[in-house]
Amino acid sequence: MAAIYSLYIINKSGGLIFYKDYGSAGRMDTNDSLRVASLWHSMHAISQQLSPTVGCSGIELLEADTFDLHCFQSLTGTKFFVVCEPGTQHMEGLLKVIYELYTDYVLKNPFYEMEMPIRCELFDINLAQAIQKDRVALLGR
């Protein structure tokens, strides 16, 4: 069973710009993945406003019985989140690696339009390699 179930990238206005399923048992269709992204964007925004901590950047980890959801928000407001097995460690580092890949292969692509869905072959290839390295590292721990 894969440690990482799925990866989402949401733009600053809450639109799903990238979704990748990594073999989770219950695959979602496109509409369900859009709903999850929209719901997470809303919950993240509400948590920032309701937090008693000054300067809170929103929910970073949501733990449930059957999955964990780890989130990283960039300074531009783009959110990266992974849904993974409960108790999976070191997802923050993986999210930062994914963000670096996003900046290197998506934002520097002259054909990419901001806030639009990501269609970049180099990003896909390097993302697959990063996820594979993470899976190998998790097996070694």
Side-chain angles (χ1 to χ4, degrees), residues 1-139 141:
M1 197 174 204
I4 298 169
Y5 296 147
S6 54
L7 165 69
Y8 296 79
I9 302 176
I10 306 171
N11 63 23
K12 63 183 173 188
S13 56
L16 181 64
I17 58 174
F18 185 84
Y19 168 71
K20 182 75 174 168
D21 191 341
Y22 291 99
S24 58
R27 291 186 182 263
M28 291 192 293
D29 65 10
T30 305
N31 288 333
D32 289 338
S33 60
L34 288 168
R35 275 189 223 105
V36 168
S38 177
L39 179 65
W40 180 254
H41 176 74
S42 301
M43 286 176 44
H44 198 270
I46 291 169
S47 70
Q48 287 176 314
Q49 295 175 357
L50 295 179
S51 174
T53 308
V54 177
C56 176
S57 62
I59 302 171
E60 295 177 358
L61 171 63
L62 174 70
E63 295 177 324
D65 292 338
T66 57
F67 68 91
D68 286 353
L69 190 151
H70 295 261
C71 181
F72 170 75
Q73 180 174 328
S74 71
L75 293 175
T76 60
T78 303
K79 293 174 198 65
F80 300 78
F81 70 91
V82 291
V83 179
C84 58
E85 289 180 350
T88 305
Q89 300 295 313
H90 309 290
M91 286 293 110
E92 299 82 15
L94 177 64
L95 286 169
K96 289 180 181 173
V97 168
I98 293 169
Y99 174 65
E100 289 174 10
L101 294 174
Y102 171 76
T103 59
D104 286 343
Y105 296 106
V106 177
L107 295 182
K108 293 178 184 176
N109 182 343
F111 301 107
Y112 177 69
E113 293 183 37
M114 292 298 294
E115 308 294 316
M116 297 304 291
I118 298 171
R119 305 275 186 260
C120 179
E121 186 177 349
L122 282 175
F123 176 71
D124 292 338
I125 291 168
N126 285 282
L127 177 62
Q129 290 174 351
I131 297 294
Q132 186 62 32
K133 282 182 190 175
D134 188 68
R135 285 182 176 167
V136 170
L138 284 172
L139 291 174
R141 290 183 189 136

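For reference, positions follow the sequence shown, starting with 1.
Taking all atoms of both residues into account, the shortest heavy-atom contact from Leu95 to His70 is CD1-O, 3.6 Å. Counting all heavy atoms, side chain and backbone alike, Val83 lies closest to Leu69 at CG2-CD1, 4.1 Å. Between Tyr19 and Ser6, the closest heavy-atom pair is CE1-CB, 3.9 Å. Between Cys71 and Lys79 the shortest heavy-atom distance is SG-CB, 4.3 Å. Considering every non-hydrogen atom in both Glu115 and Asn11, the closest pair reads OE1-CB, 2.8 Å. The nearest pair of heavy atoms linking Leu101 to Ala130 is CD1-CB, 3.9 Å.
For the atom pair CD1 of Ile17 and OG1 of Thr78, the computed distance is 5.5 Å after rounding to the nearest 0.5 Å. From Leu94, atom CG reaches atom CD of Glu92 across 9.5 Å, with rounding to the nearest 0.5 Å. We find the CD1-OG1 distance between Ile4 and Thr88 to be 8.0 Å, quoted to the nearest 0.5 Å. Of the inter-residue distances, the one linking Glu85 atom CD with Met91 atom CE reads 9.5 Å to the nearest 0.5 angstrom. Expressed to the nearest 0.5 Å, how far CG of Leu62 lies from CG of Asp68 amounts to 8.0 Å. Residue Leu127 holds its CG atom at 9.5 Å from CD1 of Ile118, rounded to the nearest 0.5 Å.
Here the two rings, on Phe67 and Tyr5, have centers that are 6.0 Å apart or farther. The distance between the ring centers of Trp40 and Tyr8 does not fall below 6.0 angstrom.
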### Task
Apply ring pair (Phe, Tyr, Trp, His ring centres under 6.0 Å) to Phe123 and Phe18, showing your working.
CA-CA 11 Å; Phe123 176 71; Phe18 185 84; 5.3 Å; yes
### Task
Report the C-alpha distance between Arg119 and Asp124 in whole Å, list the side-chain angles of each, state the deciding distance to 0.1 Å, and finish with yes or no for side-chain contact (heavy atoms from CB on, under 4.5 Å).
CA-CA 8 Å; Arg119 305 275 186 260; Asp124 292 338; over 6 Å; no
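Ring geometry for Phe80 against Tyr102 counts as perpendicular: the plane angle is over 60°, on a 0 to 90° scale with 30° as the lower cut.
With hydrogens and angles ignored, the 3.5 Å screen pairs a side-chain donor or acceptor of Thr103 with a backbone N or O of Glu100. For Gln89 (side chain) and Gly87 (main-chain N/O), a donor-acceptor pair under 3.5 Å exists by modelled atom type.
Asn109 pairs by the side-chain contact (heavy atoms from CB on, under 4.5 Å) definition with Phe111, Tyr112, Cys120, not counting sequence neighbours.
Among residues at least two apart or in separate chains, side chain to side chain donor-acceptor pair (under 3.5 Å) pairs with a member in residues 42-58 are His44-Gln73.
Looking at heavy atoms from C-beta onward, Ile46 lies out of side-chain contact with Met43 at the 4.5 angstrom threshold.
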